[in-house]
Amino acid sequence: MKKLSARFLLLLSLFTGSFSLTAYGQTPQEYAFLGLEPDIITNYISPSSRKLGYIRVTVELMIENVDMLEIAEHHMPLLRATTIEIFGQQPEEKVKSLTGREDIRLAILKALQDHMRKETGATIIKDVIFTKYLAQG
């Protein structure tokens, strides 16, 4: 009996959630995700010249609309190069700290949006997500 009532509540919440979006005249946003394949692997600036640090990051881009996915795929070399360039300019303390990681993510997002705005007239990229983040150095 508890399973039946839990399923009913789940179904009811799903129905009312989708109903509330259409009741206000809004349609749910259809985001697309595009991975920068293969992973970004690059060096970063370390304080000593004897020690070489590197980073490996899996980056996913949230695209504003499914229809814009093909445009983003067309500009993939520019998106990858920009991401690699930004990571390569970062100091070790920024790469290894959580707040620094967020600063890097926001810098990449802004740079990618600026490039896409110049190339296409629209920002296209809604967000940048790091799904794997490994730093060694």
Side-chain angles (χ1 to χ4, degrees):
M1 184 67 181
K2 287 184 180 182
K3 284 185 179 180
L4 182 61
S5 62
R7 287 182 185 168
F8 177 73
L9 288 174
L10 178 63
L11 183 62
L12 182 63
S13 67
L14 289 174
F15 175 73
T16 57
S18 63
F19 178 73
S20 64
L21 282 176
T22 56
Y24 291 112
Q26 299 174 350
T27 56
Q29 185 70 29
E30 293 185 27
Y31 296 115
F33 291 89
L34 178 63
L36 295 182
E37 296 291 332
D39 289 355
I40 303 294
I41 302 173
T42 189
N43 295 326
Y44 59 84
I45 301 170
S46 69
S48 73
S49 60
R50 292 180 180 210
K51 190 169 105 175
L52 186 63
Y54 81 93
I55 186 165
R56 179 178 184 164
V57 183
T58 302
V59 179
E60 298 286 329
L61 304 177
M62 180 187 284
I63 309 300
E64 289 182 355
N65 192 328
V66 176
D67 299 333
M68 296 180 177
L69 186 60
E70 189 174 326
I71 296 168
E73 287 175 345
H74 176 74
H75 290 89
M76 185 62 75
L78 175 65
L79 301 175
R80 280 189 58 79
T82 302
T83 304
I84 291 169
E85 181 180 342
I86 290 172
F87 269 115
Q89 296 171 348
Q90 304 305 314
E92 181 177 24
E93 55 275 355
K94 202 169 201 179
V95 168
K96 291 189 173 183
S97 73
L98 289 175
T99 55
R101 185 185 308 182
E102 180 64 11
D103 291 343
I104 294 169
R105 188 189 71 79
L106 293 174
I108 290 171
L109 175 61
K110 183 182 179 322
L112 295 181
Q113 287 177 337
D114 289 345
H115 283 311
M116 294 306 286
R117 194 175 301 113
K118 286 179 190 173
E119 294 291 321
T120 66
T123 57
I124 295 180
I125 297 171
K126 178 79 172 161
D127 205 356
V128 173
I129 302 164
F130 298 151
T131 56
K132 181 178 18 174
Y133 192 96
L134 302 170
Q136 183 177 358

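Computed from a predicted structure; not experimentally measured.
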Atom [atom1] in [X], atom [atom2] in [Y]: separation rounded to 0.5 Å?
X    : Y    : atom1 : atom2 : value
K126 : N65  : NZ    : CG    : 11.5 Å
R80  : L112 : CZ    : CG    : 12.0 Å
L78  : H115 : CG    : NE2   : 5.0 Å
I63  : E70  : CD1   : CD    : 12.5 Å
M68  : Y31  : CE    : OH    : 11.5 Å
E85  : Q90  : CD    : CD    : 10.5 Å

Below 4.5 Å, heavy atoms only, C-beta onward: do [X] and [Y] meet side chain to side chain?
X    : Y    : value
R105 : D127 : yes
L79  : M116 : yes
L98  : E102 : no
T120 : H75  : yes
T123 : R117 : yes
P38  : R56  : no
L69  : F33  : no

Exceeds 12 heavy-atom contacts within 6.0 angstrom, atom NZ of K96: yes
OH/Y54: more than 12 non-hydrogen atoms of other groups inside 6.0 Å: no
Non-hydrogen atoms of E60 and T131 that approach each other most closely: CG-CG2, 3.7 Å
Non-hydrogen atoms of A111 and T82 that approach each other most closely: CB-CG2, 3.8 Å
Stepwise salt bridge (charged side-chain N to carboxylate O under 4.0 Å, His left out) test for D114 and K118: CA-CA 6 Å; D114 289 345; K118 286 179 190 173; over 6 Å; no
Derivation of the side-chain contact (heavy atoms from CB on, under 4.5 Å) call for M76 and L34: CA-CA 9 Å; M76 185 62 75; L34 178 63; 3.4 Å; yes
Test side-chain contact (heavy atoms from CB on, under 4.5 Å) applied to I40 and I84, I108, I86, the passing residue: I84
Partner of V128 by side-chain contact (heavy atoms from CB on, under 4.5 Å), out of V59, T83, I104: V59
Axial cation check for F130 ring with R101, 6.0 Å and 45° limits: no
